[in-house]
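Working notes, structure below.
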Amino acid sequence: MYTQHPADTVIVLDFETTGLSPNMGDRAIEIGAVKIQNGIVIDQFQQLMNPGFRVSSFIEGYTGITNKMLESAPSCHAVMDEFADFIQGYNLIAHNASFDQRFLDAELGMLNRQYSGDFVCSMLLARRLYQEAPNHKLGTLVNELNIPNDGTFHRALADAEITARLWLRLVNVVKDKTNLPSISFDVMRKLSKTSKASVPALIRKIAA
DNA sequence: TGCCAGGCCCTCTTTAGGGCCTT
């Protein structure tokens, strides 16, 4: 049985991992997440986790997370069990969400745990709402949109915080285009799945 | 040993191929 939460409260999450594919044996090494309610961060979650094997030098360089740091970290099992409690009942957001969803599904699957929220992808939304951006990498969007950041990238909590600011910016874009006082998660989800060409028509329909 | 992802989205498309994004 899942606890139900206000529909406008969402969790933005980001994984650092040993590679690109859980199907190829890759595991999570860090999870970061922020809980947003009414446009304000009200809670956060950050934890390194030990995948049970050494990470590559590429990942050490890319994330700044070293094998030394992971030696003393709790297991993926322990961390993800706690994280499953944190996200229970909330809708979820990530940049290129298909990636984070694969790892969330894989890690929770090993624990026989589930989650009830829907995922929305901030990258798919940015492709539709900022079609003029040179590309839709998180770092590029942060620079293009002057989203405040402390210069930390490729760490889970920092990326989750930045993605949260991007999400709120995207919500504001839809607010401005529709003149509506609030935009539901469900509307953002529909927008993220609409073809680029259909975005203006859907915006008009939402505003009507 | 060497290899290895996958979903979205565009187009010179749909009987396909390749770039984008994530680590």
Side-chain angles (χ1 to χ4, degrees), chain A residues 11-34 45-70 73 76 79-80 83 87 92-110 117-145 147 149 151-167 169-170 188-202:
Chain A
I11 288 177
V12 186
L13 64 89
D14 183 71
F15 278 106
E16 303 306 316
T17 70
T18 64
L20 293 173
S21 173
N23 286 340
M24 301 298 293
D26 288 316
R27 298 294 302 269
I29 56 173
E30 188 181 40
I31 180 68
V34 293
F45 188 105
Q46 186 275 326
Q47 186 62 59
L48 289 170
M49 57 192 116
N50 189 331
F53 54 90
R54 290 180 65 81
V55 302
S56 68
S57 56
F58 171 79
I59 292 298
E60 285 189 316
Y62 187 79
T63 65
I65 299 169
T66 63
N67 284 292
K68 184 81 177 168
M69 292 162 69
L70 294 174
C76 294
V79 173
M80 292 309 299
F83 189 64
I87 63 173
L92 305 169
I93 295 155
H95 200 69
N96 198 15
S98 67
F99 174 85
D100 294 277
Q101 184 169 12
R102 277 200 299 280
F103 276 93
L104 183 65
D105 290 352
E107 293 292 347
L108 294 192
M110 286 183 247
D118 286 325
F119 260 99
V120 164
C121 177
S122 58
M123 184 190 74
L124 295 182
L125 275 166
R127 280 180 178 170
R128 286 157 176 76
L129 297 173
Y130 292 115
Q131 297 186 20
E132 71 285 3
N135 63 59
H136 299 86
K137 294 177 185 176
L138 186 58
T140 301
L141 291 168
V142 163
N143 288 330
E144 288 288 314
L145 303 177
I147 291 174
N149 67 91
T152 304
F153 290 94
H154 307 306
R155 286 299 300 266
L157 182 59
D159 282 2
E161 287 172 336
I162 291 166
T163 303
R165 294 188 188 114
L166 172 62
W167 167 261
R169 198 71 72 86
L170 291 163
M188 297 298 277
R189 188 173 59 79
K190 280 178 185 159
L191 266 172
S192 76
K193 293 176 182 293
T194 300
S195 71
K196 273 188 192 177
S198 301
V199 166
L202 180 55

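It should be emphasised that the depicted structure is a prediction, and the values quoted were computed from it without experimental measurement. Chain letters run A, B, ... following the sequence lines, proteins first and then strands; every chain starts at 1.
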* Asked: If you check every side-chain atom of A:N23, which of B:dT23, B:dA5, B:dG6 has the closest atom?
  ->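 Nearest nucleotide to the side chain: B:dG6.
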
Run the ring-ring contact (aromatic ring centres under 6.0 Å, His included) test against [X] and tell me which residues pass, sequence neighbours left out.
X	result
A:H136	none
A:F15	none
A:F58	A:Y62

Would you kindly give the [atom1]-to-[atom2] distance between [X] and [N], to the nearest whole Å?
X	N	atom1	atom2	answer
A:E30	B:dT23	CD	C1'	12 Å
A:F103	B:dG7	CZ	P	13 Å
A:Q131	B:dC9	CD	C1'	12 Å
A:F153	B:dT23	CZ	P	11 Å
A:L104	B:dT23	CG	C1'	16 Å
A:L20	B:dG6	CG	P	11 Å
A:D26	B:dT23	CG	P	13 Å
A:L124	B:dT22	CG	C1'	12 Å

* To do: Using heavy atoms to find the nearest nucleotide of DNA chain B for A:R102 and A:K193 separately, return the residue whose nucleotide is more 5′.
  =>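 By nearest-heavy-atom nucleotide position, the 5'-most residue is A:R102.
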
* To do: Measure across A:C76 and A:P51 and return the closest heavy-atom pair with its distance rounded to 0.1 Å.
  =>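 Taking A:C76 first and A:P51 second, the nearest heavy atoms are SG-CA, 3.7 Å.
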
* To do: Would you classify A:D14 as touching base, sugar-phosphate or nothing, given that sugar-phosphate means primed atoms plus P, OP1 and OP2, and contacts are heavy atoms under 4.0 Å?
  =>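 Sugar-phosphate contact only - A:D14 comes under 4.0 Å of backbone atoms but never of a base.
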
* Please list all pairs passing the salt bridge (charged side-chain N to carboxylate O under 4.0 Å, His left out) test where one or both residues lie in residues 11-27 of chain A, with sequence neighbours left out. =>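 Output for this query lists A:R27-A:E107.
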
* Of all of residues 56-65 of chain A, which get a heavy atom below 4.0 angstrom from DNA chain B, listed by number? ->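 Nucleic-acid contacts, sorted: A:F58, A:I59, A:Y62, A:T63.
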
When rounded to the nearest Å, what value does the distance between [atom1] atoms of [N] and [M] take?
N	M	atom1	answer
B:dG19	B:dC12	P	15 Å
B:dA5	B:dT23	C1'	11 Å
B:dT13	B:dG18	C1'	12 Å

* Protein proximity profile, nucleotides 16-21 of chain B - base contact B, sugar-phosphate-only contact S, no contact -, cut-off 4.0 Å on heavy atoms -> ----BB

* Determine yes or no for a side-chain-to-main-chain donor-acceptor pair under 3.5 angstrom, with A:R128 supplying the side chain and A:V199 the backbone. =>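 Side chain of A:R128 to backbone of A:V199: no pair is present.
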
